[in-house]
Amino acid sequence: MKTSSVKANARRVGSLLLTLAIWEWYGRGVDPLFFSYPTAILRAVPQMISVGELPEAFASSMQVLAVGWAISVVAGVALGLIMGRYPTANYLLDSQISALYAAPRVSLIPLIILWFGLGLRAKIVVVFLSAFFPVVINARAGVRNLPRSLIEIGLAESASEWQVFRKIVIPASFPYIMAGIRISVGRAVIGMIVAEMFTAITGLGGRIVLYSNRFATDRMLVVVVMLALLGVLLSQAVTLIEARAMPWRLTERARQ
Amino acid sequence: MQDRGPPAAFVDRVVRMSSGRATLELQGVTKRFGNSSSSLLVLDRISFGISDGEFVCLLGQSGCGKTTLLRIIAGLTDFEGLVSIDGTPIQGPGVDRSMVFQDYGLLPWRTVLGNIEFALEVRGFPKQERRAIAHEQIAKLGLSGFESHYPHQISGGMQQRVGLARALTKDPKILLMDEPFAAVDMQTREYLQDELLDIWRRIGTTVLFVTHSIEEAVYLSDRVLVMASGPGQVRADVPVDLPRPRSAAVTKSSIPYVELIRYLRLQLGGDSERGRPSGAPGSSRKGVV
């Protein structure tokens, strides 16, 4: 079991190295104005850090991301749980949620700019709108897919509605909630970049615009690689939190 | 309240240590599924009484409505008619009744201890007190050492013991059991039956036990109510006058036990899987009393 996982990991790393090698080989043959390659991208990093432009952009982006994402998770979980548990709430709000979810959120940016300007607030709203829906929809699905028998354990003990909600509905929907949060991380990063490109040009999204205008393709790709890493890391972090918060699920899976 | 009284057949009973028991009375309990325009009659005017401390089995084939009847008594579903405990009509679930579910009714994210404490936690018992009561039940049901296991980490038999332990923390007057041993293997099942009889002998709670197994019903109970389906009705009320305490070795080889099983098989009717014994009444499964 252990040796096979080592083997699988070796294959994974091998595949990754091969991809990078092909990229390097191909990239070296292309005009640096149009494309770049891994070693050139790596070489661009120290320069960007030393002049301080990268850390500054990163900090600015993280602020937008953290605030927008946090609001979307808190509001999304709360609304999703309520809509899942109370048919009236779902009946009243389902159309609005579906309509907003179906509309390309980018198309709302002009409106957001009119309302919130070009600054931090507008960006937070864009991140929120990107990340909010997967959280709501998953939390609601979690409550709806909850077996009736679990609720009845509470009802048979004459638990109050609030006790049923807190002690059964929330923990039982937790796997769904976490799945929604995991999806929302990626959406939040997309929202952040879109906001930084289409409102006041700042942060990592702003850097991409700036570098590509200057044909500094290697620097632009540094930012893109950073964003990819950020997405993976955040998603991993959520998975880690998920495992820690649900030890019963972890052992359950291990047994299967 | 008028009680039909315990069958004369069993008088000799072990002295009870607890007062946690009550009489249960059903009058014209009727249940329909669906709306008024197209509804399915599931239970049709069911009436019976159970005296305090009595162990009664509700025997019937799947789909006869026996689980629905138990859920009505547990207060988990609405109905027409009257269900009263010690003369007081029930209004939804209550602390006087505990339910043991067929699928064990455990919360997968809670440990054994957490599951057993649940009933007391909901009732607002302080942590120390409920922990003490839970540990008492854990010791009684042989769950020591498994307190911090999650339900999926223990066997079905153990899980049902956790379900029973939680039900008992409330010191219920009436214990409602919905085919609690149907999902465990034969050996565990027999072991759990003896354990249940032992616990019942000590606490003397009134028990209403739903099962589709004739053998189980006869082995456990003081009285067997045979249910017929389509719509659900009580077809027969059969006293089980086998001496207690019972044991598989002695009880199951006694002639009265074998005769009761034969008799109940006839009452249940249409038990085609086992081949109907000669002289079975009619061929209709829907026969009424």
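Numbered from 1 within each chain, the chains take letters A, B, ... in sequence-line order. A quick note: this is a predicted structure, and the numbers were derived from the prediction, not measured.
The structure places CD1 of A:I153 at 10.5 Å from CG of B:L76, a figure rounded to the nearest 0.5 Å. Rounding to the nearest 0.5 Å gives a distance of 10.5 Å between CG of B:L106 and OG of A:S149.
Taking every heavy atom of both residues into account, A:K167 and B:W109 meet most closely at O-CZ2, 3.4 Å. Of all the heavy atoms in A:S158 and B:V95, the pair that sits closest is OG-N, 4.2 Å. The two residues A:I168 and B:L107 make their nearest non-hydrogen contact at CG1-CD2, 4.2 Å. The two residues B:F101 and A:A156 come nearest to each other via the heavy atoms CZ-CB, 4.1 Å.
Contacts between B:L176 and chain A at a heavy-atom distance below 4.5 Å are absent for every atom of the residue. At a 4.5 Å heavy-atom cutoff, the contact between A:Q163 and chain B is made by side-chain atoms alone.
Residues of residues 123-134 of chain B lying within less than 4.5 angstrom of chain A, judged on heavy atoms, are absent.
Note: B:R71 leads B:R71, B:M99, B:R97 in heavy-atom pairs under 4.5 Å with chain A. Interface summary for chain A: among B:P93, B:A74, B:G75, B:A167, the most heavy-atom pairs under 4.5 angstrom belong to B:P93. Of the listed residues (B:G163, B:P151, B:G105), the greatest number of heavy-atom pairs within a distance under 4.5 Å of chain A belongs to B:G105.
Atom CZ of A:F133 has more than 12 heavy atoms from other residues, nucleotides or ligands within 6.0 Å. Within 6.0 Å of atom CZ in A:F165, more than 12 heavy atoms from other residues, nucleotides or ligands are found, so the atom counts as buried in its surroundings.
You'll find the side chain of B:V122 stays beyond 4.5 Å of the side chain of A:S160, heavy atoms only.
The backbone N or O of B:A119 lies less than 3.5 Å from no partner atom in the side chain of A:E157, so there is not a single donor-acceptor pair.
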